[in-house]
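In what follows, a single structure is set out as structure tokens and then discussed.
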Amino acid sequence: MQIEIRSLSYIYNPKTPFGKLALDDISLDVEEGDFFGIIGHTGSGKSTLVSHINALTRVQLKYNKNAVLKVCGIDLCAKKPDVKTLREKVGMVFQYPEYQLFADTVRQDVGFGPKNLGLGEAETEERVRAAVARVGLDYDEIAERSPFELSGGQKRRVAIAGVIAMRPEVLILDEPTAGLDPEGKKELLALFKRLQREACPTVVMVSHNMDEVAECCNKVAVMNEGKIAGVFSPRELFTRRELIKGMGMEMPSVTELAYYLAEGGVPVDPSCLTESELVDGLLNIYSGGDK
Amino acid sequence: MKDVVFGQIYPVDSPVHRADPRAKLLIMIIYIVTVVFVPSFMLYGIIALTLLAVILMSRVPPLKVLSGLKAIIVLAIVTFIFTVLLNDGAGKEAELATFGFFVEFGPFCICGSGLLAGGRIMCRIVLLILGPTLITLTTTPVDMADAVEWLLAPLKLFRVPVHAFGMIMSIALRMIPTLFEEAGRMMNAQKARGACFDHGNIFKRAGALIPVLIPLFVSAFKRAGDLADAMESRCYNGGKGKTRMKVLRFSVWDVLAMLFFAALLFFVLVCTYNWWGWGWTDIFKLDMIEPVVGRSVLG
Amino acid sequence: MNIISVKNAVYVYNSGLEDEVMALRGVSFDVEQGEFISLIGSNGSGKSTLARLLNGLYLPDEGEVIVNGKSTLTAKHKDMFDIRRTVGVVFQNPDNQMVASIIEDDVAFGPENLGLPSAEIKERVEWALDRVGMSEYRKGTPFRLSGGQKQRIAIAGVLALMPRVMILDESTAMLDPRGRKEVMDTVRRIREKEGMTVIMITHFPDEAALADRVIALSEGRVVIDADAHRALSDVETLRQYGLDAPLCTRVAYELRKRGVELDGNIITDRELREKLCRSK
């Protein structure tokens, strides 16, 4: 088990009248090999939850007497958890990660993490080279350039390289495709899928975009108002349409289109997830009849 | 930090909350000058009673106003102690003659005049803090910024860009929480990459902040550019010909309040300097016991 | 009469320098009063630059942009004022376009700059906030609002200028689905009630499908300019420029390619459903 969470709660502004339960008795398991999606509205608690995983938000021990939070074998409910090792094992790509670039050259920026881990020059250099290549950029061309003069998409890749250069066991992605155009989104999602296969077997992706979660993840936790409304496989989602719509969230758009067609009398299976599944389903009905 | 807009405001409705922020600003200035000129405990008492009346009128719990002293209490006590210890009044004999005691130890001493001086300084500090605290508890920074801009308006005659100052204040109030939040996000992002902000000596710590400060500046400049575009698109051209939605108007009560505080200042000044030699003003200085510098000292 | 007319506009960043970039390479089109246009194009195609040309924030290096009969190139002070109150722009980042910390003060910013009397500003602010459904928040601060609500305030800030054209420069790009829907519903309502001309820059194909006319930019040139049905149903041409058609259009395209007969251009789910039901 890479991440184990049992009855974790978190209160914003405790002891004031503005106190708000941001996490309400959360339990979750993320296993090695999972591409785990967490979906919910802005303010549903998903960001608070993942910042616990990286100890950027500490467990409020006072309100969490019986809680369990274990990440890569490190007990975060301990009085003094081993945060340094934890951050080595858990990499986190924040929303709009390109805004955190700071160094003079791409090489230095990507090397910031490995340096903080105390690695030597040679090891750092090797990791930087590998990480830049992994995100699909040409190291020799880009290494000595300033990160600020790159294009938006390149900047984001450099920032992601900065995280994977630390070779984390668990990679957390917070709205990784926000603000990109459809083409850029597609490329980045493909990159994450490849990363998971080749480099970092456990990925947790926080998103408000049901399509990308349904496309990449094998499990999807639906969050609403600080609670987990359920953990489903993408294919199960269509059976929970009422629940998801009821929380004001979108269904995967292919599922939703199929449902809409079925509702109007087109006899197609509404559980399809990808465009080609939907097309095949429709072809079975229509070309069969035509020919 | 999100509260920079409402600042410390205590959200109730009261005549003090509703008062024109310009009146409050002017009264605050008059009040500060008054407190600085007060010579005696009796007059401090009168001012304290006035302040108490305003606090009651504002419906802010008095304890809430007193908590404004928390930040300053140590400084006030230290000031009191030093004033007492370093003040030898009119000298040992005169002090002994007037107050009947004079304690010496090393370079320090405790004497009647010293204690009185210390007490006055304490009163002054406490009153200087409480007044403005009440203002911040009843006025939003946004309103205060408007008032400051109004107060500075005469400087336009000397080509001081008062409007620009006002705009800067307004935008600063608007952007500070956003940038503060962003700084937090950047720190978290770099922490996640193993950065450490709480180790080592001060230089190391300052150095550790570079990966936060550089992106913060980059982003602040981008925001500034965006904001300039947005302002220009909404017909901003440096405030020429600009009107205001909220036209501030002094009410009768604002004027009366200002007159009252101006009268209080005048009264304190008359008591202090006794320009016209009125005897009755001395009543308010009764507690100003001055040791008589006797012949024994001089002679 | 055309409210906006762009004639062969060229715009170059860092002109004459080493890192000179030609963002627009001769763009021409006209906008009529009351049209609903979506402007699409991949990142770096010049869409946002074009938005800034349309209200005189940037001036074209070649060609011209004419708003309400006045060229932005030659507009002096007062004319530029007229251009900016004719064409209002809502930008991408909701946090970077609010000037004041109290919502009603922010909405009042535009009319205050116009030098209107206080009573009229109040009226406009009330009206604008009502149009975007944010009246109850008028005394509050923007900080506690969601992205969608902030963007509605930004729209109100533009509405208060009473423009004839509203440009939305990727105003939904940073929002979550709920925020996007909020903003799109608001825009639609305003269009219906006020008959305003809307130019919406977006890279979401389903948003583009709401418009009547679609203009696509690629590498600084207009590559498609047609009514929305024709433009968005041409999957192949869109792909050629790195653009996507709406999901239902792509499905219809695949079906047709494999021999299913579906007539007409399909760009909404409803159209797809109707056509499929009919051909059963």
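Within every chain, numbering begins at 1; the chains are lettered A, B, ... in the order of the sequence lines, protein sequences first and strands thereafter. Model, not experiment: these values are computed from the prediction.
- Residue L117(A) does not touch chain B at all, counting heavy-atom pairs closer than 4.5 Å.
- A distance-only check finds a donor-acceptor pair linking the side chain of N116(A) to the backbone of R193(B) [under 3.5 Å].
- The neighbour count for I202(B) CD1, taken as heavy atoms of other residues, nucleotides or ligands under 6.0 Å away, does not exceed 12.
- Environment of CZ in F197(B): crowded, with over 12 heavy atoms of neighbouring residues, nucleotides or ligands closer than 6.0 Å.
- The number of heavy atoms from other shown groups lying within 6.0 Å of CD (E121(A)) does not exceed 12.
- With a 6.0 Å radius and a threshold of 12 heavy atoms from other residues, nucleotides or ligands, E125(A) has its CD atom above the threshold.
- Inspection of non-hydrogen atoms places G162(A), M166(A) of residues 159-168 of chain A under 4.5 Å from chain B.
- The environment of NZ in K193(A) is crowded: more than 12 heavy-atom neighbours from other residues, nucleotides or ligands sit within 6.0 Å.
- Sorted by first and then second residue, the salt bridge (charged side-chain N to carboxylate O under 4.0 Å, His left out) pairs with a member in residues 144-154 of chain A read R107(A)-E144(A), E141(A)-R145(A), R145(A)-E149(A); sequence neighbours excluded.
- Residue K246(B) qualifies as enclosed at atom NZ: its count of foreign heavy atoms under 6.0 Å is above 12.
- Counting heavy atoms of neighbouring residues, nucleotides and ligands inside a 6.0 Å radius, atom NZ of K242(B) exceeds 12 of them.
- Here N188(B) contributes atom CG and N54(A) contributes atom CG; the two are 8.5 Å apart, rounded to the nearest 0.5 Å.
- Using a distance-only test at 3.5 Å, with no hydrogens or angles considered, a donor-acceptor pair links the side chain of Q190(B) to the main chain of Q100(A).
- Scanning all heavy atoms of the two residues, the minimum distance from Y99(A) to P215(B) falls at O-CB, 3.0 Å.
- Of the two parts of F94(A), only the side chain, counted from C-beta on, holds a non-hydrogen atom closer than 4.5 Å to a non-hydrogen atom of chain B.
- Side-chain contact between F102(A) and L216(B) is absent, with no heavy-atom pair separated by less than 4.5 Å.
- Between chain A and the options K222(B), K191(B), R185(B), the largest number of non-hydrogen pairs under 4.5 Å is found for K191(B).
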